[in-house]
Amino acid sequence: MDGAGVGIAFWALAFVTLGAAGGVMVSRNLLHAVLLLIVTFIGVAGFFVLLSAEFIAMAQIVIYVGAIAVLMLFAIVLTPRTIRDNSETAMVGPAILLGIALGTVFLFVIYDTEWAVVASDPALSAEDLGKALLSTWVLPFEIASVLLTAALVGAIMLVRTSEEEAEDDA
Amino acid sequence: MTLDLEHFLTVGALLFSLGLVIALSKRNAVGVLMGIELMLNAVNLTLIAFSRFGASEQPIAGHVFVSFVITVAAAEAAVALAMAVSIYRTRETVEVDQLDLLRL
């Protein structure tokens, strides 16, 4: 991947994405943390566009920003203001140490490995993805739909109150 | 400038490490979930980067895997947040270090 444009786009996206992810860590208000998380999701979607995966980028925006982040906002605003703080438990020290250790190992692996790379863009379109999903990966695709149905039914069952259950029995 | 596979893998690795720290250290259950979502996003970024740069007979497999990861992440978020709301109703808290009923 050559050119000044992609270079600028990469560094801007890397700065925004990692900066917003760091903000999720340091922000004291859970509501601000969710808003910064949305910025991170959009940054990752930008990376997908840069890697010519437009359909995945669109799915990322629709599902992560449009569904998961909004679901998190709902979970936060449904609980009282007093428990909106985003502080850490006593395990923050060991967690940071583990994170640094793991990141260091990853970076060593990334830069010490001779990756088998191709120079040209494989040029994958949404059409290719659709054909692959409905031919080679049709069984996991169907299982994923069953999983989604089960998860949604389970989520509804979990949040039902006992009064609502009594109403259904009557 | 030339962008290589390593650039994207580095961003993915740093994002994953940050997500791990957030998931392990946050007190609020929704905060822990945010860390998990960050980790899943980092893995998706890595998969797409390998799909774009890696020498493979089926580069579309990376895209297929990412769409499954997004599906499972959505299901996981729905169930986890339903559990958070349900736990809040019975225990009046969603702080993970307060939820220690099984502790001796």
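Not measured: the values here are computed from a predicted model. Chain letters run A, B, ... following the sequence lines, proteins first, then strands; residues in each count from 1.
The main-chain N or O of A:Ser125 is found under 3.5 Å from a side-chain atom of A:Asp128 such that the two form a donor-acceptor pair. In this structure, the side chain of A:Thr17 does not engage the main chain of A:Ala14 through any donor-acceptor pair within 3.5 Å.
Within the 4.5 angstrom heavy-atom criterion, no atom of A:Ile143 approaches chain B. The contact between A:Ala116 and chain B is made by backbone and side chain atoms together, counting heavy-atom distances below 4.5 Å. Contacts of A:Ile76 with chain B are made by side-chain atoms alone, with heavy-atom separations under 4.5 Å and no backbone atom involved. Neither the backbone nor the side chain of A:Ser145 has a heavy atom closer than 4.5 Å to any heavy atom of chain B. Interface remark: A:Pro94 contributes no atoms to any contact with chain B (heavy atom separation under 4.5 Å). In this structure, chain B has heavy atoms under 4.5 Å from both the backbone and the side chain of A:Ile96. Within the 4.5 angstrom heavy-atom criterion, atoms from both the backbone and the side chain of A:Ser87 approach chain B. For a residue to count as touching a neighbouring chain, one of its non-hydrogen atoms must lie under 4.5 Å from one of that chain's; by this rule A:Phe55 does not touch chain B. Both the backbone and the side chain of A:Leu51 have a heavy atom closer than 4.5 Å to some heavy atom of chain B. Of the two parts of A:Val105, neither the backbone nor the side chain holds a non-hydrogen atom closer than 4.5 Å to a non-hydrogen atom of chain B.
The shortest distance between side-chain heavy atoms of B:Glu6 and A:Tyr111 falls below 4.5 Å.
Side-chain atoms of B:Asn41 and A:Gln60 include a donor-acceptor pair closer than 3.5 Å.
No other option in A:Met91, A:Met25, A:Arg160 has as many heavy-atom pairs under 4.5 Å with chain B as A:Met25. For chain A, the option among B:Ser51, B:Gly54, B:Ser56, B:Gly62 with the highest count of heavy-atom pairs below 4.5 Å is B:Gly54. Looking only at heavy-atom pairs under 4.5 Å with chain A, the residue among B:Ala84, B:Ala82, B:Ser25 that has the most is B:Ser25. Comparing A:Leu97, A:Thr136, A:Leu129 by how many heavy-atom pairs each has under 4.5 Å with chain B, the most go to A:Leu129.
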Could you go step by step and tell me if B:Asp97 and B:Arg27 meet the side chain to side chain contact (heavy atoms under 4.5 Å, CB included) rule? CA-CA 7 Å; B:Asp97 54 350; B:Arg27 177 168 280 158; 3.1 Å; yes
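The aromatic rings of A:Phe47 and B:Phe8 stand perpendicular to each other, their planes meeting at an angle above 60°, with 30° marking the opposite boundary. Aromatic ring orientation, B:Phe16 versus A:Phe106: perpendicular (interplanar angle above 60°, classes split at 30° and 60°).
Taking both residues in full, the closest heavy atoms of A:Ser52 and B:His63 are given as O-CE1, 4.4 Å, listed atom of the first, atom of the second, then distance.
Aromatic rings from B:Phe50 and A:Trp115 are positioned such that their centres are separated by under 6.0 Å.
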